[in-house]
Amino acid sequence: MLSALIKPIVRLNVKQQLILLFVIMLTPILVLNSYGNYKAEQVLKRHVTNAYVELNKQNFAIINRDIDTVNKITSTVIQNPFLQQLNMSGLDPIMERVERYETIEKLLGSYSQGAERGDVIYYSLYVYDPNNYYFFAPNFPQVKKAGVYFFTKEEEPFWFRQAVEQKGRGYLMFMDRLSPQAEDLKTLTYVRAVNNIYLGAGTIGVLVVTKMEAKIGESLKSISLPDGEIYLTDMNNRVLASSTSSTGEIIELPDGAEIGDPEGTVDVITDDFIYVVNNNHMLGQKLVYKVPVKALLQQQNEMKRVIQYITVAYALFGLIIITYFWRSLMTPLQKLAFFVRKYEPGNRVPETPKRGSNDEVSVLISSTYDMARRLNGLIMYKYQMELKQKESQLQLLYQQINPHLLYNTLESIYWKSSLEGNVESAEMIKELSKLMKISLSRGRELITLEEELEHAGAYIKLQQHRYDYVFTVTWNIAAETKSNLIPKITLQPLIENAIIHGVKNMEEDGEIIITAAAMEDRVLITIEDNGYKQADYEAITRILKDESPNPASGYGIRNINQRVQLHYGPDYGITYGPRAGGGTVAAVLLPKTEVQE
């Protein structure tokens, strides 16, 4: 069967075979391009939807915070003595009623002032006055005005009894008008009954906060959706506030967002829109994001068309190139390929072949031969650059370690200074100054072990201040080793590993032992911890010896090992092993060296 498929291909000439090969190679590219665009669109929708889900939760929290702020203000107003003394007994003189009315009016007005962003809200008090004791007060409430309003039985707003039944619990409510005699102006209100806190029973009136749609609308407009819309609705999908002008309308949600209205956040992706709905049954509210898919995928569609144009142009260009190569380029390129295959760097390069034209192929052949000659000249130059390359590598490795420590330390100081008093912050700044002084070391790469130990001690104190660690540190430093030279910032990463991977969660049971001892012509420094975790020493050894590490795994101990070996040779460096009685031992082996005066 295979031979039956091959025979028709063999009968084709080479040009036809090349065209057939090109078509066979191009077809999977077109199929994969189409499939890749489809999958990329699906992944993009899902990733963006997940991002909107998290944004929706944060946005809902901000809105609830705004509502909670209003609730706290209403609590303050309710507890005001002047308001609590308000009664409908009719026994107090009329002047006392007028004074009390004016005082409460000013109080409510004071909480309705000071908004600078256009989201001012207005606090009003509605009191049932069946005998018209407060006949001098207005009874025509206004949306954009704070005040105290008294009403009779005939003038009672439809929402008053409902608010009283809530027994002091505040809630959002959309109103077409505040009362039968008020102006016909829609507004989102926060309604809360005012109970008598001194007598323990009875309702004085109802606090109504108007223009809440302006305050919540500012929070909604702070979220930027690409041509999207944001709605805060009740559980019946009636819009309480929105980023558009649809307040008071009923919006329609897809079936996936309506079934059961589960508590929390749900998302539905339709052909036209992405819906993210956050249901809060306790507050009786929903926060809805509605984002058009077309706007989201517009940039991707433009890229898709560009890729399609490039694919078509690539196909046409490929056909032209195949024809051109076959007719005029294959023979000289085959000769060039033969030379390249047999050429070895350092061998003598023959004379450049001459062609009768100065086209690109001739330039390529001439350049290849010239490049081979230049390569022979660069071989010797390469050896001369190796030493400088090692020096540059050493400097780069040091720079990769130092900023990491500095940034983490500054973060610790900021965190501590924000949460505690000045004493501990001053102590941390003192230890940080030690770290920076020894890290800089006036440009020296090698410092004494005594300076390095001071640097390590400052780091341990900073960590103990930062995390309130209570592990113990034991120093066993032989006096004759303190003047020995060591690459700076060698011990700190090893101590950091002992803390994080060893004694971090052991409280006062954790112990780190730092030892330095002289052995003939060498100095051995060990950092021991009694951590309970079992380390993978084979994996650590592979990291230390790996010549081409993955940057995603970090540099850490491998950089320290390279720095030691770059200074002192491959016989020295870092090793890891188990500690007797449990824990890990990190050992640094150095030659005996001292400061030269």
Side-chain angles (χ1 to χ4, degrees), residues 397-477 481-482 486-516 525-533 554-560 563-564 574 576 583-588:
L397 292 175
Y398 168 71
Q399 292 176 352
Q400 289 167 341
I401 295 175
N402 195 33
H404 176 73
L405 171 62
L406 179 58
Y407 296 153
N408 282 347
T409 304
L410 291 176
E411 181 185 2
S412 300
I413 293 177
Y414 174 79
W415 178 76
K416 281 300 220 179
S417 297
S418 301
L419 299 180
E420 299 182 357
N422 294 329
V423 176
E424 287 194 37
S425 298
E427 184 66 20
M428 293 181 70
I429 295 173
K430 177 182 177 181
E431 299 302 335
L432 176 59
S433 66
K434 290 182 181 180
L435 288 177
M436 297 181 64
K437 178 181 178 181
I438 297 172
S439 297
L440 295 175
S441 301
R442 291 178 293 181
R444 292 180 292 141
E445 292 291 335
L446 299 176
I447 61 176
T448 63
L449 179 58
E450 184 176 10
E451 291 174 305
E452 180 66 8
L453 291 174
E454 184 181 1
H455 176 275
Y459 169 76
I460 291 174
K461 290 181 180 179
L462 277 174
Q463 291 300 307
Q464 289 176 330
H465 279 300
R466 179 184 180 187
Y467 296 111
D468 293 329
Y469 289 148
V470 292
F471 58 83
T472 60
V473 181
T474 304
W475 304 84
N476 298 325
I477 310 300
T481 63
K482 291 184 178 181
I486 182 174
K488 61 183 177 182
I489 317 180
T490 296
L491 300 183
Q492 177 270 324
L494 304 181
I495 294 174
E496 181 179 5
N497 286 341
I499 294 174
I500 295 175
H501 304 293
V503 302
K504 176 181 179 181
N505 298 315
M506 295 181 66
E507 301 293 338
E508 64 272 10
D509 294 331
E511 182 180 17
I512 295 177
I513 303 174
I514 303 172
T515 305
I525 306 170
T526 60
I527 293 97
E528 304 176 52
D529 67 78
N530 63 342
Y532 59 90
K533 291 185 179 179
Y555 294 93
I557 59 174
R558 179 180 177 275
N559 276 4
I560 302 172
R563 291 172 59 212
V564 173
I574 300 174
Y576 267 80
T584 301
V585 178
V588 183

Quick one: list whatever passes salt bridge (Lys or Arg N to Asp or Glu O under 4.0 Å) with Glu511, sequence neighbours left out.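 Here no residue qualifies.
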
Is there a donor-acceptor pair under 3.5 Å between the side chain of [X] and the backbone N or O of [Y]?
{"X": "Glu452", "Y": "Ile489", "answer": "yes"}
{"X": "Arg563", "Y": "Lys488", "answer": "yes"}
{"X": "Asp509", "Y": "Asn530", "answer": "no"}

Determine whether [X] and [Y] make a side-chain contact, defined as any pair of heavy atoms from C-beta on separated by less than 4.5 Å.
{"X": "Leu446", "Y": "Pro487", "answer": "yes"}
{"X": "Glu496", "Y": "Tyr459", "answer": "yes"}
{"X": "Tyr576", "Y": "Val585", "answer": "no"}
{"X": "Thr515", "Y": "Ile477", "answer": "no"}
{"X": "Thr481", "Y": "Ile525", "answer": "no"}

Minimum-distance pair of heavy atoms, taken over all atoms of [X] and [Y]:
{"X": "Gln463", "Y": "Tyr469", "value": "O-CD1, 3.7 Å"}
{"X": "His501", "Y": "Lys533", "value": "O-CD, 3.8 Å"}
{"X": "Thr448", "Y": "Lys482", "value": "CB-O, 3.6 Å"}
{"X": "Leu494", "Y": "Ile574", "value": "CD2-CD1, 4.3 Å"}
{"X": "Ala516", "Y": "Leu449", "value": "CB-CD2, 3.8 Å"}
{"X": "Lys504", "Y": "Ile500", "value": "CB-O, 3.7 Å"}

Interatomic distance, [X] atom [atom1] to [Y] atom [atom2] [nearest 0.5 angstrom]:
{"X": "Ile460", "Y": "Leu453", "atom1": "CD1", "atom2": "CG", "result": "9.5 Å"}
{"X": "Gln492", "Y": "Asn497", "atom1": "CD", "atom2": "CG", "result": "9.0 Å"}
{"X": "Ile447", "Y": "His455", "atom1": "CD1", "atom2": "NE2", "result": "7.5 Å"}
{"X": "Leu491", "Y": "Glu454", "atom1": "CG", "atom2": "CD", "result": "13.0 Å"}
{"X": "Ile513", "Y": "Thr472", "atom1": "CD1", "atom2": "OG1", "result": "8.0 Å"}

side-chain contact (heavy atoms from CB on, under 4.5 Å), that's the test. Do Met506 and Phe471 meet it? Break it down for me. CA-CA 7 Å; Met506 295 181 66; Phe471 58 83; over 6 Å; no

Would you please name every residue forming a side-chain contact (heavy atoms from CB on, under 4.5 Å) with Ala498, sequence neighbours left out? Ile512, Ile527, Asp529

